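In this text the structure is predicted, and so the values were computed from the model without any measurement. Residue indices begin at 1 and follow the sequence shown.
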Amino acid sequence: MVKFTGGTTVSDVNKHEIQPKQHTFTSFADIITEKTQKDMLIDIIGIVESIGYAQKHGGSKKLQVNLVLRDATNNTINCTLWETYAAQFFKFDEERVNTSAPTVLLLRYAKVKEEGQYPLSVTNTFHVTKLHINADLPAVKHFVESIPKDTLSAVSSQLSLNSQNLSRSTNSDNSRQTPMQRLLSGALALPLSEIKKLKQVSFCATVVETKKLIASSFGWCYRACHSCPKAARGDEPPFICDNKHKTEAEIFRYKIEIEAVHLGVPCKFIFWDRECTDILEISAAQMRDTMIQAGITDPLEFPLALDKMLDLELAFRVTWQPSWDSCSVVMFIKDKPFVEQLKAPWKHTQIKESVDEAKTNVAEEYEIVTDVEITSKHNPDPVTPTAKRHIGDGSNESTTVPGCATESCHQQN
């Protein structure tokens with residue numbers, strides 16, 4: 001009910017405009033003094049002052065970049081970006097033209113993290129976080145305007161220097177390697193048939209073609225723990241993993257089992273979140289949201305988009321698990337010349353094995369005899385001849401004369 005009084009005025013305001021999102025940022029001072037709860041998601045904004053340790057390439061370690069952020073009041077805090085968010089920052093750093101311009105990082109739904117002796121830091125919470133770098137947003141423009149010019153220029157020059165040295169961080173040796181070198185580094189380059197003969201856990205490089213999805217009782221994704229790679233279980237928050245870590249938010253990651261084949265030899269390959277995201281170009285959380293919007297809520301039902309992972313011939317770095325008779329994918333390379341180069345020596349081995357197998361099959365089907373046996377069958381030992389002797393009734397009868405071996409020993413009647 002609307003009441004009109006003498007002081008009420010009415011006008012026709014018909015502007016269908018959506019107001020921009022209003023951000024409420026947590027100050028760095030509150031984070032440093034631990035006024036914010038560590039299990040709450042917060043929004044922060046800061047200028048990137050320096051870049052520390054960086055893991056630019058996947059493999060046995062996750063993608064990671066450590067940053068130092070500074071706010072408008074000159075407070076600094078450590079920030080760690082993981083996985084796709086680190087990859088997003090690396091891409092921005094490589095593609096930007098003006099390296100002297102400030103880099104403003106806006107992190108939504110971030111989390112304060114503290115582990116052991118490591119300093120307090122802010123990190124992303126996987127698919128929940130939203131990362132904006134130098135975005136054209138009112139909040140970013142207002143933040144840049146609030147920073148003193150001398151601070152802005154000093155931070156920008158420092159960042160430019162750190163960006164140039166990014167590839168020479170703690171991971172410098174690994175970053176200088178090409179993807180092919182990383183795939184082969186410390187790995188046994190073997191065809192799939194030889195890998196399956198190994199009796200211990202081994203890093204291997206091989207080439208296979210993905211053929212079909214393997215249905216499992218866990219579906220194609222799982223709910224992950226925010227503190228470790230294990231699965232977080234439960235019907236409602238907090239979800240708890242085997243290490244007793246509690247996770248409030250739902251973090252979905254891919255785990256897809258595919259039957260892979262090389263030269264007729266099949267094997268189960270397990271693809272994890274990073275490799276699946278690279279191939280499908282969509283996160284597990286986004287894939288799940290798309291299915292729910294389409295009315296598909298059964299977690300065991302495989303989306304048709306996963307077919308994109310089939311009929312691919314790739315070079316893989318895998319961890320062979322003999323106890324599970326499967327390969328866990330560490331990284332892959334699509335480069336066709338490299339794939340052909342890697343599998344070329346195994347073609348000759350397969351031809352030799354095919355010839356040997358054909359010989360074995362023929363030997364089993366037909367009786368193969370040696371030259372000695374053929375001589376024995378077709379040229380038997382001479383039969384000792386018999387000598388004839390005279391019988392009293394006038395008939396002729398043959399008898400064997402001891403010591404006689406030729407016809408000259410025969411006596412005719």
From OH (Tyr85) to CD1 (Ile133), nearest 0.5 Å: 12.0 Å
Gap between atom NE2 of His142 and atom CG of Leu137 - 0.5 Å precision: 13.5 Å
Whether Ser202 side chain and Trp320 backbone form a donor-acceptor pair below 3.5 Å: no
Gly234 backbone acceptor or donor facing Arg223 side chain under 3.5 Å: yes
Carboxylate-amine/guanidinium proximity below 4.0 Å for Glu259 and Lys211: no
Nearest-0.5 Å distance, CD1 of residue Ile44 to NZ of residue Lys111: 14.5 Å
Sidechain N-carboxylate O distance under 4.0 Å for Glu145, Lys141: no
Other residues, nucleotides, ligands: >12 heavy atoms within 6.0 Å of Lys336 NZ: yes
Residues Glu248 and Lys246 bridged, charged N to O under 4.0 Å: no
Close side-chain approach of Thr8 to Val2, heavy-atom, < 4.5 Å: no
Interatomic spacing from CG in Leu306 to CD1 in Ile258 - rounded to 0.5 Å: 8.0 Å
Any donor-acceptor pair under 3.5 Å from Thr210 side chain to Leu312 backbone: yes
Donor-acceptor contact present, side-chain Asn78 to main-chain Val68, <3.5 Å: no
Donor-acceptor contact below 3.5 Å, side chain Asp43 vs main chain Tyr109: yes
Worked verdict on Val339 versus Ile333 for side-chain contact (heavy atoms from CB on, under 4.5 Å): CA-CA 8 Å; Val339 172; Ile333 292 179; 5.6 Å; no
Atom NZ of Lys196: over 12 foreign heavy atoms under 6.0 Å: yes
Greater than 12 external heavy atoms within 6.0 Å of Phe218's CZ: no
pair Thr76-Arg70: side-chain heavy atoms closer than 4.5 Å: yes
Residue pair Gln200 / Leu198, side-chain heavy-atom distance below 4.5 Å: no
Exam field: side chain Thr277 to backbone Ser283, donor-acceptor pair closer than 3.5 Å: no
Ala86: partners by side-chain contact (heavy atoms from CB on, under 4.5 Å), with sequence neighbours left out: Leu63, Val65, Leu81, Phe90
Heavy atoms from other residues, nucleotides or ligands near CG of Leu300 exceed 12 (cutoff 6.0 Å): yes
Spacing of SG belonging to Cys79 relative to CD1 belonging to Ile51, to within rounding of 0.5 Å: 11.5 Å
Atom of Val122, atom of Ala110 and distance for their closest heavy-atom approach: CG1-CB, 3.5 Å
With Arg288 via side chain to side chain donor-acceptor pair (under 3.5 Å) - residues at least two apart: none
Working for side-chain contact (heavy atoms from CB on, under 4.5 Å), residues Cys327 and Thr206: CA-CA 11 Å; Cys327 289; Thr206 189; over 6 Å; no
Plane angle bin for Phe332 and Phe316 - parallel if under 30°, tilted between 30 and 60°, otherwise perpendicular: tilted
Lys308, NZ atom: more than 12 neighbouring heavy atoms under 6.0 Å: yes
For Phe239 against Glu250, the heavy-atom pair lying closest together: CE1-CG, 3.5 Å
Exam field: side chain Gln88 to backbone Leu131, donor-acceptor pair closer than 3.5 Å: yes
Minimum heavy-atom distance Val207-Leu342, with the two atoms named: CG2-CD2, 3.6 Å
Heavy-atom side-chain proximity of Leu67 to Phe89 below 4.5 angstrom: yes
Test side-chain contact (heavy atoms from CB on, under 4.5 Å) applied to Glu257 and Phe269, step by step: CA-CA 6 Å; Glu257 299 179 3; Phe269 272 49; over 6 Å; no
Criterion side chain to side chain donor-acceptor pair (under 3.5 Å) against Glu313, the qualifying member of Lys334, His262, Lys343: Lys343
Minimum-distance pair of heavy atoms, taken over all atoms of Asn66 and Gln64: OD1-NE2, 3.0 Å
Non-hydrogen atoms of Leu183 and Ala205 that approach each other most closely: CD2-CB, 3.7 Å
Heavy-atom closest pair, residues Thr123 and Thr80: OG1-O, 3.0 Å
Atom pair CG (Leu280) and CG (Asp307), whose distance is rounded to the nearest 0.5 Å: 10.0 Å
Pair Val208-Val318, side-chain contact (heavy atoms from CB on, under 4.5 Å): steps then yes or no: CA-CA 11 Å; Val208 296; Val318 299; over 6 Å; no
Side-chain heavy-atom pair Phe25, Asp71 within 4.5 angstrom cut-off: no
Side chain proximity check, Phe92 to Thr103, heavy atoms < 4.5 angstrom: yes
